[in-house]
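Just so it is clear: chains get the letters A, B, ... in the order the sequence lines come, proteins before strands, and each one is counted from 1. Note: hydrogens, waters and symmetry copies are ignored here, and every other heavy atom, side chains too, is used.
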There are 2 protein chains.
Amino acid sequence: MKKHQVTIIDIAKELNLSKSTVSRVLTGHANVSIKTREAVLELAEKLDYQKNMLAIGLISKKTNTIGIIVPEFSSSYFPQIVIAAQEVATQAGYNTVFSQSNETYETEVANTKVMLANQVDGILISITRETRNYDHLKVFERKGIPIVFFNRVCDEMKVPKVIVDDFEGAFNAVDYLIKSGRKRIAHLAGPASLKISANRLEGYKSALRKNNMVIDEELIISYNLEVSKVKIYINHLLSLENPPDAIFAVNDPTAIEAIQIIKKKGLRIPEDIAIIGFSNDYASDLIAPSLTTVAQPISEIGSTAAQLLIEQINRDVSDWKAVTKVLKTELIIRNSS
Amino acid sequence: MKKHQVTIIDIAKELNLSKSTVSRVLTGHANVSIKTREAVLELAEKLDYQKNMLAIGLISKKTNTIGIIVPEFSSSYFPQIVIAAQEVATQAGYNTVFSQSNETYETEVANTKVMLANQVDGILISITRETRNYDHLKVFERKGIPIVFFNRVCDEMKVPKVIVDDFEGAFNAVDYLIKSGRKRIAHLAGPASLKISANRLEGYKSALRKNNMVIDEELIISYNLEVSKVKIYINHLLSLENPPDAIFAVNDPTAIEAIQIIKKKGLRIPEDIAIIGFSNDYASDLIAPSLTTVAQPISEIGSTAAQLLIEQINRDVSDWKAVTKVLKTELIIRNSS
DNA sequence: CTGTTAGCGCATTCAA
DNA sequence: TTGAATGCGCTAACAG
């Protein structure tokens, strides 16, 4: 375990120079003779010298690192966002530190503490489906560390947010189902604690109302997004006296699970029952029948969020803006509806 | 940008104590009166005090952080590995820092430098399809920082590695195709620079040989894993005078792309042509027809690699072991073959 | 152009 | 049980 870190002192000794001179070279300052500069650079290269960012961070109170916390990594949704965010961050000279909270509140809290302890310059976060208390996030505000929400946001905090127009997306999906002649449209909704679930539910209801259809609470099921539970709810819906002829699911994993269950039951999709999802996950175009879904500009969410965060970092606390960017969705019609 | 970090000094002043006393409480040392201990703890909590890990890392030369570098994040493969590795690391008290190199050598090199500069205690890496030079990785060895490879390994380095039995997996897949009566089996292979590609190719050839079939180089196509290129090769294979009646693809994304292209051409799978992939990605069970594939114990790869790395970290450099763990694959037969 | 000094936040000696 | 002093690796004044 005897790590052998090469330090400025090492190369200063070797070259019979003072540490400050070496430091000047390494930080790109000008006041150094060409000869010493080259000698230092050469030796540094030869010894695989790497600056110790811990020391620099300690001095400068800036780590050039942003943290990204996502609730899960199992669908293609969050990985894609992370890729886009990382790209923007790298471009701007920032490193990224990720963690995934596994949809667990405690893990999320722990993750934020780690980020805090590691002195990130700002964080990007999408909360878990469990998160109801936001104290661990408000700490960032108090400490003057910018925080930007994306996708799953915290309503009570006045900070930048990047979301999509969930209401409109849901509205369009359901409106389309109605226009296609569907009479009883069920909604497999997410937990009410998540704003995205609530907005999608509202879009669903609004579309029904606009088309003068009754809102049957029996057809609205709110669940905690654990895909393994979908089977129960589908069974329930199909056993209703007056079963639905369409299902609008809160997200693609739910819709995909529903398709598989319904197919196994021998029902035809979309003839007997139509399905629409939300997010246009990678798998939605692969499953049979391919899934009609509300597409989100996933990469744009990630890059916009990173952009906002970096702007915020470069701004003075007193000048923070709490903009909320609402990106547009697009209904992609495939074979499941 | 005026971050307001709370330090030990702040709470020492407030309580009229010395920094060392406060430090003792915070590090859990014993020699402190209950009264002061409680006062310190209470104030720390109230002020949202968080230790500055930069300072601690600087002193202890240990950050309790491991780095994970993966080539891409677009399939479900690496995210799953990362989840498993992170879980083991967390359990052992380590934080994780990820980065993805986007299948680009330069990015990989940059990522390793960042990890080095941030003083990770060890790294887990799967190299890009481009990586041919390993100097940036050998630096870790020289500096006494443990490195563990998984999936895509570097042959010339004597360090721990976690792989699956690619040879056997490929052999079983091709052997199964032959037993099912396929006569001309093509192989869409990966780049020769990746050991996994080479091993899978060898497994393919070996199965043909064992069954006394000729190895037709015309049917073996090595490509760089850019899925968009698959179309070209499929077109080529199908236009052969004596086209293949089966394709063994080096991985699932390739196989899935192939299925889509072949379906569009109006050919039937598996009647006209059978397809087998490798890895059992999330999507392979969803696509129609569902994909026969060689499953890897993905989570186990991640957890094993993390395990090995942590063992290595806790060992003295002089006592490093260069074990290579070879995990078993399993052929999952679905409808594409 | 170069060397000296101080200090970032903390843990860890050594004294009291 | 507490306090004072040292130093981790580095940068940024301040001198020469």
Numerically ordered, the residues 46-59 of chain B set in heavy-atom contact under 4.0 Å with DNA chain C is B:Y49, B:K51, B:N52, B:A55, B:I56, B:I59
A:K61 atom NZ is separated from D:dC10 atom P, nearest whole Å, by 18 Å
Footprint ends on DNA chain C, 5' to 3', for atoms under 4.0 angstrom from a heavy atom of chain B, come out as C:dG9 to C:dT12
Whole-Å distance, A:D10 CG to D:dC8 C1', equals 13 Å
Of all heavy-atom pairs linking B:F149 and B:V153, the shortest is CB-CG1, 3.7 Å
From CZ of A:R24 across to C1' of D:dG9 the rounded distance in Å is 16 Å
If you define the side chain from C-beta out and look only at heavy atoms, does anything of B:I127 sit under 4.5 Å from B:L137?
yes
Any side-chain heavy atom of A:T107 sitting closer than 4.5 Å to one from A:Q100? no
Here the distance between atom P of D:dT11 and atom CD1 of A:I11, to the nearest Å, is 11 Å
Next item on the list: Kindly determine whether A:T104 and A:S101 satisfy side chain to side chain donor-acceptor pair (under 3.5 Å), including the steps that lead there.
Entry: CA-CA 6 Å; A:T104 311; A:S101 29; over 6 Å; no
Here the distance between atom C1' of D:dT2 and atom CZ of B:R37, to the nearest Å, is 13 Å
- Message: Under 4.0 Å from OP1 or OP2 of D:dT2: is there any side-chain N or O of B:K19 that close?
- Response: no
| message | Over all strands shown, is A:S20 touching base, sugar-phosphate only, or nothing at heavy-atom distances under 4.0 angstrom? | response | base
Tell me if a side-chain donor or acceptor on B:K325 pairs with a main-chain N or O of B:V164 at a distance below 3.5 Å. no
Taken to the nearest whole Å, NZ/B:K62 to P/D:dG9 is 17 Å
Checklist entry - Within the structure, does a side-chain N or O atom of A:T27 lie under 4.0 Å from either OP1 or OP2 of D:dT11? => result no
* If we only count heavy atoms from C-beta on, is the A:R315 to A:Q312 side-chain gap below 4.5 Å? -> yes
| field | Short side-chain N/O contact from A:S23 to OP1 or OP2 of D:dG9, under 4.0 Å | value | no
Ignoring backbone atoms, test whether B:T36 places a side-chain nitrogen or oxygen under 4.0 Å from the OP1 or OP2 oxygen of D:dT2.
yes
Q.
How about NZ on B:K113, more than 12 heavy atoms from neighbouring residues, nucleotides or ligands closer than 6.0 Å, or not?
A. no
From NE2 of B:H29 across to C1' of D:dT2 the rounded distance in Å is 14 Å
Is it true that, when you exclude B:E87 itself, more than 12 heavy atoms of the residues, nucleotides or ligands shown sit nearer than 6.0 Å to its CD? no
Here the distance between atom P of D:dA4 and atom CD1 of B:I8, to the nearest Å, is 15 Å
- Item | Verdict with reasoning, B:I298 to B:Y77, per side chain to side chain contact (heavy atoms under 4.5 Å, CB included) | CA-CA 7 Å; B:I298 304 187; B:Y77 185 79; 3.7 Å; yes
